[in-house]
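Pasting a structure here, questions to come.
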Amino acid sequence: MVSPWLFPKKISDLEYRIEPDAEYGMKVPVVIYGDENLVNKMVSDRTIEQAVNVSTLPGVQKHVVVLPDGHQGYGFPVGGVAGMDVDEGIISPGSVGYDINCGVRLIRTNLVENQIKPKLNELVEHLFESIPSGLHPKEGCVKLTKSQLDEVLAQGVKWLDSNGYATKDDLDVCEENGSMADADPSKVSETAHTRGAPQVGSLGSGNHFLEIQRVEEIHDTEAAKAMGIFEGQITILIHCGSRGLGHQVCTDYLKICRDSQEKYGIELPDRQLACAPNNSDEGIAYKQAMNSAMNFAWSNRQMITHYTRKSFESVLHQSESDLEMNLVYDVAHNIAKVEKHKIDGQEKSIIVHRKGATRAFPAGSPDIPERYRKVGQPIFIPGSMASASWILLGNENSMNLTFGSTAHGAGRVMSRTQSHKQYNYKQIIEEIQEKGIVLKSMTRYGVVEEAPEVYKDVDAIADISHRLKMATKVAKLVPIGVIKG
DNA sequence: ATGTGC
């Protein structure tokens, strides 16, 4: 049999397609958005093969989408979207990923660069000291009891609001208001609880970071205005997820799904795609545990926001409200959610799996905050450490192309191991200093493994999204201070 | 991504 993923058909400069191959068990086409370079790279590793595998799963609808930043992941490509019928389809932990509700939030200020430049070193230092980061942060997280953690898992940011770590305004501009319904902490294992309890308010490692930025370019004045964004402004971007708790939920439910595979008669092209019928006991339990992990991640980003505001207050001797440190928005990029989408002209409820894919809902969507309903949903595409990031805006077209989604980041061009062979700490640090960026990192390894050179060009990813009108450009942000694990 | 896996 010829492997169908080897020959995607070019539809246009930025769209490639693989028609359903019955012999291979494909139920729907695979659609790939990207230029020739990006698509060639996807063919050379397992990215498209994995998307083809997903297109064979029970209840898969319309098409499997690979976004411009797509690359191979655990079973399901990172930068992938797939929607399954809620009654006939499956839900799959590997198709959400290990870092459940990894996501990005942006905090605005009323400051411009000159006002913080003299204190930038001190600010970065203070943030680094007050926000635990790395794999094993020693101290600093709020210590939650088991029952407090359960409240965080059940209520998300609502609990932080009740306890002085969030404002009503923060809740208004978080996806799902920071509180995913139908979360059940009793479906989260004891091990996951133990791992998560000391981690609320910690950044983690890898490509997770907190960045002080300057707004470099405005591409959509009206949308920028609605978001309170202006040229030259200082913003803060936070990129992190659900830490050990989400990781453990994924591990636990991969096993639970695997153990139930035979019972449900599901045949898989790849055991990493272990899944359960969406409405089975196992599927429902996974969803309730995943929703809990989602609440954990939003709470984690909220707690870091709290620490960030305190750091700015302390270093700049102004209150957070004087500094107008408002949350612009918080959006997840590793989730599965039931949403209504048009399929063959019919509105239908499907369980949308977005792994390394950002929701990109258009103006008028009831699921986006009222203050953005006239313009569209804010989307943040983080670049790698010390490179630019983008604010994009959800567009109507994404509902046709990608189940209302767009890209989530730059994506690696080489492995961590390879980055050590090609670069060393000193040269990366020098290069970052030359750009005038203040960087504090937990480890030297992290600096090399997350160097700008080892990632794709995020500008190109934003550009493709814009040209396809999946999500359009609002503003480009450049880093001036970075803390990372 | 991760009480990494090399």
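Every chain is numbered from 1 and lettered A, B, ... according to where its sequence line falls, protein lines coming before strand lines.
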N/O (side chain, R416(A)) to phosphate O (OP1/OP2, dG5(B)) under 4.0 Å: no
Integer-rounded Å distance: dT2(B) C1' and D252(A) CG: 13 Å
Aromatic ring proximity H408(A)/H239(A), centre distance under 6.0 Å: no
d(CD, E449(A); P, dT4(B)) in whole Å: 13 Å
d(OH, Y445(A); P, dG5(B)) in whole Å: 16 Å
Integer-rounded Å distance: dT2(B) P and D99(A) CG: 6 Å
Whole angstrom value for the distance that separates P of dT4(B) from CD of Q248(A): 12 Å
Whole-Å distance separating the CD1 atom of I100(A) from the P atom of dT2(B): 12 Å
Length of the line joining M442(A):CE and dT4(B):P, which is rounded to integer Å: 15 Å
Sugar-phosphate only, base, or nothing, as touched by T191(A) at under 4.0 Å among non-hydrogen atoms: base
Integer-rounded Å distance: dT2(B) P and Y253(A) OH: 21 Å
cation_pi(R309(A), F312(A)) dist<6.0 Å, angle<=45: no
Ion pair D69(A)/K456(A), N-O distance below 4.0 Å: no
Side-chain N or O of S205(A) closer than 4.0 Å to phosphate OP1/OP2 of dT2(B): yes
NZ/NE/NH1/NH2 to OD/OE distance under 4.0 Å, R416(A) and E450(A): yes
Sugar-phosphate, base or nothing in reach of G241(A), heavy atoms under 4.0 Å: nothing
